[in-house]
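Here is the structure we will look at.
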Protein chains: 2
Amino acid sequence: MKKITLKYIAKELNIAPSTVSKALNGYSDVSANTKKKVVDLAKSLNFSPNTQAAFLRTRESKIIGVVIPHISHPFFVNVVKGILDSAEKKGYLIIVLKSNESYDLEKKLIEKLLKQNVDGVFISLAQDTYDLKHLEAVKKAGVVLIQYDKISKILESSKVVVDDRNSGYLATEHLIKNGCRNIVHFRGPLLPQVSIDRFLGYKNALEDYNLIFDPKKVITSNKMTDKEGFRLMNDFISKKIDFDGIFSMSDYTAIGALESLKKHNLLVPDDIKVVGFSNWLLTDKLTPSLSTVNQPGVLMGNKCFELFLKEVNSKKKKIKFKYEKKIFKTNLIIRESSSLK
Amino acid sequence: MKKITLKYIAKELNIAPSTVSKALNGYSDVSANTKKKVVDLAKSLNFSPNTQAAFLRTRESKIIGVVIPHISHPFFVNVVKGILDSAEKKGYLIIVLKSNESYDLEKKLIEKLLKQNVDGVFISLAQDTYDLKHLEAVKKAGVVLIQYDKISKILESSKVVVDDRNSGYLATEHLIKNGCRNIVHFRGPLLPQVSIDRFLGYKNALEDYNLIFDPKKVITSNKMTDKEGFRLMNDFISKKIDFDGIFSMSDYTAIGALESLKKHNLLVPDDIKVVGFSNWLLTDKLTPSLSTVNQPGVLMGNKCFELFLKEVNSKKKKIKFKYEKKIFKTNLIIRESSSLK
DNA sequence: TCACAATTCGAAATCGATTTCGTTACAAAT
DNA sequence: ATTTGTAACGAAATCGATTTCGAATTGTGA
């Protein structure tokens, strides 16, 4: 069981390792003849250069680190899938790490990735990320940074997002058009831009349809879990404020809210109509099935890699480069929880 | 922005790189004095050795590849979590790849991991994996192989599984004790051991309780999706065979079956009682909520890494080594879908 | 005082691939 | 015939860390 190296191939063909390397890497100072011999032998031996050794010279690890806040969230699963599909074709390996929405963990993960000499870091920020030094460090290290979904407005890099504001608007408008006049909004933590934008969409829709915006009807949920949704909904109901619709920035909290409504004998969609966000797995199997906003995760993942590659290539060729921001449209999936009948 | 290397530290302290290396790696031929100087400076510079360069000599990449069949399956998410938590402490990085239950893809993934020179491969086999050459190759390459959940009986390695047979038995017994006399079994594809074992548990339970085992009541589902469960259940119902319970080897097919039952106006749990497998996310939110078998994924992940480390260490010290097989117990989660009332 | 052992350190080889630069051989140009 | 140019290849340095082996220094015992 011999290890197959450049040197081995060189010896077999009685030429120098440098020539073998050049033949395999498309240098021009190799004759067509020897090039063919090398390529053929390499293929037949199933040779591929040792990535670690190659890295020492090229500084390319062909590894990309992807940071996601959750793993159970199907949207992120789709994004990863999109990245994977694109990256695979170019021979990149993907390391997925999850931050659990924690800034501290996120910082550690980034350090880990930099130690591993990844070529790129794709990140969706944790909820409580307030400081961006760790991401500045990524750029300083010459590593390509791509932000997706939960991005920072301040930090420069290429970005891939959905139109959260418009999505919030559409969801709310849908509720209004189906007769809701008193719509509660479950918003996320105050910091992340997605949370702000979805909220603004909600608010704008109310204004456009001449409904009064009432801050008391905005429930801020920091944890975004079913339990939290259940708890907060119970609290809200106990305040006896009239409402006939809910737009939640997450399906998961919406599901908790649904449980609370059931407990209080409020019928969905008859008494209260509900729209969530992100189209979680099995939300179509609930009773009632949950209306939601669907984000094109796979396409977003594809785009992330595309922007990454563009940046890598311009760096190699030392071409000037401009950050891009791609905004994807979402689509509303209307199910039982917000239907008219 | 200078890169911090061994050489740099050596120059700073006016000693040789080799001495620095030895100081950091606990060699005995370094004086306590110089050792302290080196360690202190290294710490203050936040130095950590370049992993790729170190690999060239040590042949340790400190990377583990984990192959899972699905990503949306919460059980596997838990296993990965368990591996991650353990591996992190020892400075290992985890690459998670998913095979989509495809043998061809699985083979490619393994090749990819070997090219990356991972130290270990943890794998749960794809449904249709019939050939094991790619896994033999892992062992031949000197890479530690750990099999978990869907394992091969033939291939030698350390293994981490649950007692599938007993789990199938308990689930079926539970249905019997709650009054079921005609229990349908959704089994998975014929090949994987988990599929066989869960089926055998089902069969054994019937026999122990003097119920007739009827092959016609065993529905083989190759795809294990909700759609497939729905389709197969419809087919089965159209055959007009009496039944009052279902034990499904997967929650996902069980959910499809539930939809079919609803469509045919069969009440759960009144007319039919249902038990699934794996405790998928949100199965507790369904109406009725789904009874299921819970596997201790996190603990299994922990164990995988423990066995890996044991093997690595004995290889280093050239101690004799014996493969271990750890069998975990499952627990039945009884919810509405199989309750008496 | 001398022989020898223990301690501490450094020089150099090594891992495997890449890349610069120099050398050869031969053809074309003068 | 001599110079120039080009195609094709190889020698050697390099990336950053590890590790073997030998050298220098110090200490120990006879």
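Residues of residues 33-52 of chain A that place a heavy atom closer than 4.0 Å to DNA chain C, in numerical order, are F47(A), P49(A), N50(A). Proximity of residues 20-27 of chain B to DNA chain C (heavy atom under 4.0 angstrom from any strand atom) is restricted to K22(B).
Among the atoms of the strands shown, base atoms are found under 4.0 Å from some heavy atom of S18(B).
Both S28(B) and P17(A) lie close to DNA chain C; mapped to their nearest nucleotides by heavy-atom distance, the more 5′-ward contact belongs to S28(B). Residue whose closest nucleotide on DNA chain C sits further toward the 5' end, between I15(B) and A53(B): I15(B).
The CG-C1' distance, from L13(B) to dC9(C), rounds to 14 Å in whole Å.
Not a single donor-acceptor pair under 3.5 Å links the side chain of T34(B) to the backbone N or O of V30(B).
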Listed pairs under 3.5 Å, donor-acceptor, residues 36-45 of chain B side chains, sequence neighbours left out:
unit_1	atom_1	unit_2	atom_2	d
K36(B)	NZ	D40(B)	OD2	2.7
S44(B)	OG	L41(B)	O	3.0

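Comparing the end axes of the helix from dT1(C)-dA30(D) to dT30(C)-dA1(D), each fitted to five base pairs by superposing C1' atoms of four pairs onto the next four, gives an inter-axis angle of 60° (nearest 10 degrees).
Of all the heavy atoms in L114(B) and A141(B), the pair that sits closest is CD2-CB, 4.3 Å.
Taking the 5' to 3' direction, DNA chain D first and last meets chain A under 4.0 angstrom from a heavy atom at dA8(D) to dG16(D).
By the side-chain hydrogen bond (donor to acceptor under 3.5 Å, both in side chains) test, K150(B) pairs with E101(B), sequence neighbours left out.
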